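One structure, pasted below without further comment.
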Amino acid sequence: MPAWGTLFLLWATVEATKDCPEPCTCQALESMGLWVDCRGRGLTSLPALPAHTRHLLLANNSLRSLAPGTFDHLLQLQTLDVTQNPWHCDCSLIYLHLWLEDRTPEALLDVHCASPSLATIHPLGQLTGYELGNCGWQLQTSWAYPGVWWDVALVVVVTMGLILLASLLCTATEPLLLGSFSS
Ligand SMILES: *[C@@H]1O[C@H](CO)[C@@H](O)[C@H](O)[C@H]1NC(C)=O
């Protein structure tokens, strides 16, 4: 047991110092993850983060945006503090919005946007798609996907089939109706 303890401490120290980004301080947790503290370092972009990051503190920096997918490779990441940053809340910030909503929804109410002006009214958690700007680009990219045109073609074919069926039924019932009137 003491041997394992020593090994763990050694591993933890190595891990914590090895990948720790320059402006931040890192601390190994007993649960094997890392506590990465990057608060108040004037960061304008995110440093390369260690794979074992579990708690990430980014408060009080100059972060404006976050690329969608930024935290996808940090499988152990559980909590994120992104308060006190001049976030530019447009559609690209939906990634951060969804990330926080999934894991720590209450944290969304502490995140405020510095721009655009429409998005500064409410905390990030209460912003609608309208306030985040025109999020139509997501629709446009799906239209650019060729598979969509197969769906469109299918709908056209089915619609034409239905019209044809309807007209066939009409011509088939007309003589019957005429027949019943003439007798
Ligand atoms: C924010 O960070 C600056 C350094 O960048 C520091 O001087 C200031 O005290 C910090 N403010 C808070 C509220 O932590």
Side-chain angles (χ1 to χ4, degrees), residues 1-2 4-141:
M1 184 55 202
W4 280 113
T6 314
L7 265 182
F8 170 72
L9 272 182
L10 197 67
W11 173 87
T13 318
V14 168
E15 273 301 310
T17 48
K18 190 183 67 175
D19 295 328
C20 194
E22 169 111 46
C24 312
T25 54
C26 301
Q27 213 178 321
L29 301 164
E30 276 177 49
S31 51
M32 306 286 273
L34 283 183
W35 167 276
V36 181
D37 186 353
C38 309
R39 284 177 295 183
R41 310 296 154 97
L43 297 178
T44 53
S45 63
L46 217 60
L49 296 161
H52 297 291
T53 304
R54 180 153 301 180
H55 305 289
L56 179 58
L57 287 78
L58 293 168
N60 188 19
N61 279 295
S62 302
L63 299 171
R64 281 172 51 81
S65 63
L66 206 61
T70 299
F71 301 124
D72 286 359
H73 67 292
L74 302 175
L75 301 177
Q76 296 184 37
L77 190 59
Q78 282 174 0
T79 60
L80 190 58
D81 182 359
V82 293
T83 56
Q84 297 170 270
N85 278 285
W87 294 112
H88 179 72
C89 297
D90 63 3
C91 286
S92 65
L93 220 67
I94 284 180
Y95 173 77
L96 179 64
H97 187 301
L98 292 176
W99 198 98
L100 290 171
E101 198 171 57
D102 273 357
R103 293 160 179 88
T104 50
E106 66 283 354
L108 271 174
L109 296 176
D110 299 326
V111 181
H112 295 270
C113 308
S115 60
S117 54
L118 202 58
T120 58
I121 306 163
H122 304 296
L124 183 59
Q126 287 174 3
L127 291 183
T128 63
Y130 171 69
E131 286 158 330
L132 288 171
N134 179 14
C135 295
W137 56 268
Q138 283 155 326
L139 210 66
Q140 279 156 23
T141 50

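Any value given below was found using the heavy atoms of this structure, including those in side chains, with hydrogens, waters and symmetry copies removed. In listed order, ligands and their atoms are each counted from 1. Note that this is a predicted model, so its numbers are computed, not measured.
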Under a strict 4.0 Å criterion on non-hydrogen atoms, which protein residues are in contact with ligand 1?
->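 Within the 4.0 Å shell of ligand 1, which is judged on heavy atoms, sit G40, N60, Q84.
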Donor-acceptor pairs under 3.5 angstrom involving side-chain atoms of residues 65-74: please list them, not counting sequence neighbours.
from: T70; atom 1: OG1; to: A67; atom 2: N; distance (Å): 3.3
from: T70; atom 1: OG1; to: A67; atom 2: O; distance (Å): 2.3
from: D72; atom 1: OD1; to: Y95; atom 2: OH; distance (Å): 2.7
from: H73; atom 1: ND1; to: T70; atom 2: O; distance (Å): 3.4

Take atom CD in E106; do more than 12 heavy atoms of anything else shown fall under 6.0 Å from it?
->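 Yes - once you tally the heavy atoms of other residues, nucleotides and ligands closer than 6.0 Å, there are more than 12.
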Taking all non-hydrogen atoms of both residues, which atom of N85 and which atom of S62 are closest, and how far apart?
->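 Closest approach of N85 to S62: OD1-N, 3.4 Å.
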Under 3.5 Å, side-chain donor or acceptor atoms of residues 118-126 against the rest of the protein: list the pairs with distances, not counting sequence neighbours.
from: T120; atom 1: OG1; to: S117; atom 2: O; distance (Å): 2.7

For G33 and Q76, which heavy atoms make the closest approach, and how far apart are they?
->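 Minimum heavy-atom separation between G33 and Q76: CA-OE1, 3.7 Å.
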Residues in ring-ring contact (aromatic ring centres under 6.0 Å, His included) with H55, at least two apart?
->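 Partners of H55 by the ring-ring contact (aromatic ring centres under 6.0 Å, His included) criterion, ordered by chain and then number, come out as W35.
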